[in-house]
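Step one of this worksheet: look at the structure below.
Heavy atoms only: backbone and side chains are in, while hydrogens, waters and symmetry mates are out. If you're wondering where the values come from, they're calculated on a predicted model, not measured in any experiment.
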Amino acid sequence: MTDDQGSKKGLEIVRTVADLRQVVSSWHKDGLSVGLVPTMGALHAGHLALIEQSVNAMDRTVATLFVNPKQFGPNEDLDTYPRDEDGDRDKLSVAGTDLLFAPSADEMYARGNSTGVSVAGLGDILEGEFRPGFFDGVATVVAKLLIQAGADTAYFGEKDYQQLLVIRRLARDLDIPTVIEGVAIVRADDGLALSSRNAYLSDEERRIAPALHQTLLGAAEKAGAGEDVAGIEAWAHTQLLDAGFTSVDYLTVRDAETLEAYGALGKDRPARVLAAAKLGSTRLIDNIPAE
Ligand code: AMP
């Protein structure tokens, strides 16, 4: 927020789209650039890296906090998803966030709403295959947040790499002018990618969890050495199960821009190794570039 001299005033909280729009348009009227960081809360250093990037690059930063019911399947963890709005507010404030948009589900989804955004193809594979409807829920809420906020740039983590590509695609296809920026994954010292869902892990599971990153590193090395993808996938599945993972949804090497089969568009293109695996009842995802 700005006072009459244009200096920053600390974290303000709004809960309606009308208030969000009013604050952002007053900033734009003052010639200030605005960054947007959408989150589901339970904030950790990964989220705060997005905030930091926005605070450094933009005059004002808006964070959003909304646990989006449309992106949870019927047997997923919507009710138990970690929530800590007070803690989140403190962290956002310390990080230099100017505005928190924390709407209710009724504010986001008017009664009788029936419009959704679906990113065909890119949204149907990998995560889309194992979590049917997930990317429709993500694409719908992110399109709404981008339109509601009207920010100049929005920041999303590479932690959710496929989600980042889905969001880039929907912003382009729907002519939403906000620039979409990807931010590198923040990891714990042992390599585990930070995630709100890591809070579900028991001590024993937390000890096993870094094997996911280790296996991605091994797979990337094999891809770099020219090994075929089927062989890499088989090796990685065994590695993860031997380490103590309960099941593996996928660990594969894909074209980094389209997520199509690696090599289908030529082997000189960048590749990405992506994985999703279960540790007990907790599902972890991670990815790294395959150089
Ligand atoms: P979530 O609250 O899980 O929906 O995440 C909100 C945003 O933070 C998304 O753009 C995520 O990709 C990003 N994010 C979550 N964890 C990390 C991490 N460890 N490193 C970088 N970005 C992250």
Side-chain angles (χ1 to χ4, degrees), residues 33-41 43-58 60-66 68 71 92 95-97 117 119 121-123 125-128 134-135 137-147 149-188 191-197 212-213 216-217 220 223 252-260 262 265 269-276 284-291:
S33 60
V34 179
L36 180 75
V37 179
T39 82
M40 297 206 301
L43 301 182
H44 51 64
H47 299 107
L48 297 178
L50 275 59
I51 298 284
E52 186 185 331
Q53 194 146 323
S54 175
V55 167
N56 287 341
M58 313 301 283
R60 295 292 181 266
T61 293
V62 182
T64 75
L65 167 49
F66 182 60
N68 174 33
Q71 71 189 66
L92 290 171
T97 314
V117 178
V119 178
L122 194 53
I125 55 175
L126 299 174
E127 285 301 286
F134 169 68
F135 281 124
V138 168
T140 301
V141 81
V142 171
K144 284 166 69 71
L145 289 167
L146 292 173
I147 292 166
D152 302 286
T153 302
Y155 298 85
F156 296 90
E158 289 185 349
K159 162 76 173 31
D160 302 282
Y161 187 81
Q162 187 178 3
Q163 170 176 286
L164 174 61
L165 297 186
V166 163
I167 292 165
R168 282 194 207 286
R169 178 76 60 83
L170 79 86
R172 187 201 69 180
D173 289 354
L174 298 179
D175 303 304
I176 297 173
T178 307
V179 173
I180 307 300
E181 280 281 351
V183 178
I185 300 175
V186 178
R187 300 179 179 280
L192 177 65
L194 300 189
S195 164
S196 306
R197 289 190 168 100
L212 185 57
H213 181 234
L216 287 170
L217 290 170
T252 189
V253 186
R254 293 287 171 98
D255 185 284
E257 283 166 23
T258 65
L259 299 186
E260 287 172 42
Y262 176 54
L265 301 169
R269 292 173 52 85
R272 198 95 187 171
V273 194
L274 307 106
L284 301 178
I285 63 169
D286 199 354
N287 68 88
I288 60 171
E291 304 299 351

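Pairing each heavy atom of Tyr155 with each of Ala57, the nearest pair is OH-CB, 3.6 Å. Between Ala276 and Glu127, the shortest heavy-atom contact is CB-OE2, 3.5 Å. Nearest heavy-atom pair across Ala63 and Ile51 is CB-CD1, 3.9 Å. In terms of heavy-atom proximity, Leu145 sits nearest to Pro38 at CD1-CB, 4.0 Å.
In this structure, Arg254 has no salt bridge (charged side-chain N to carboxylate O under 4.0 Å, His left out) partners at least two apart in sequence or on a different chain. In this view, Glu257 and Arg269 satisfy the salt bridge (charged side-chain N to carboxylate O under 4.0 Å, His left out) rule, not counting sequence neighbours. With sequence neighbours excluded, the residues satisfying side-chain contact (heavy atoms from CB on, under 4.5 Å) with Ala290 are Ala220, Ala223, Ala271, Val273. The side-chain contact (heavy atoms from CB on, under 4.5 Å) check on Ala45 picks up Val186, Leu194, with sequence neighbours excluded. Residues that satisfy the side-chain contact (heavy atoms from CB on, under 4.5 Å) test with Ile185, not counting sequence neighbours, are Glu158, Lys159, Arg187, Ala193, Asp286, Asn287. Scored by the salt bridge (charged side-chain N to carboxylate O under 4.0 Å, His left out) test, Glu52 finds no partners at all (sequence neighbours excluded). For Thr252, the side chain to side chain donor-acceptor pair (under 3.5 Å) partners at least two apart in sequence or on another chain are Glu233. Residues passing the side chain to side chain donor-acceptor pair (under 3.5 Å) test with Asp160, sequence neighbours excluded: none.
Interatomic distance, OG1 of Thr39 versus NE2 of His47, reported as 5.5 Å (0.5 Å rounding). From Phe134, atom CZ reaches atom CG of Asn68 across 9.0 Å, with rounding to the nearest 0.5 Å. For the atom pair CE of Met58 and CG of Asp152, the computed distance is 4.5 Å after rounding to the nearest 0.5 Å. Atoms CZ and CG, from Arg60 and Leu36 in turn, are 15.5 Å apart once rounded to the nearest 0.5 Å.
Using a 4.5 Å heavy-atom cutoff, the side chains of Val142 and Phe156 are in contact. Annotation: side chain of Val37 is not in contact with side chain of Leu92 (no heavy-atom distance under 4.5 Å). Between His213 and Ile288, the closest side-chain pair of non-hydrogen atoms falls below 4.5 Å.
Looking at Tyr161, its side chain does come within 3.5 Å of a backbone N or O of Ala256 through a donor-acceptor pair.
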In a table with atom names and distances, give each donor-acceptor pair under 3.5 Å that connects a side chain of residues 163-184 to protein atoms at least two apart or in another chain.
from: Arg168; atom 1: NH1; to: Ile180; atom 2: O; distance (Å): 2.7
from: Thr178; atom 1: OG1; to: Ala151; atom 2: O; distance (Å): 2.9

Please lay out, stage by stage, how Phe66 and Lys144 fare under the test side chain to side chain contact (heavy atoms under 4.5 Å, CB included). CA-CA 12 Å; Phe66 182 60; Lys144 284 166 69 71; over 6 Å; no
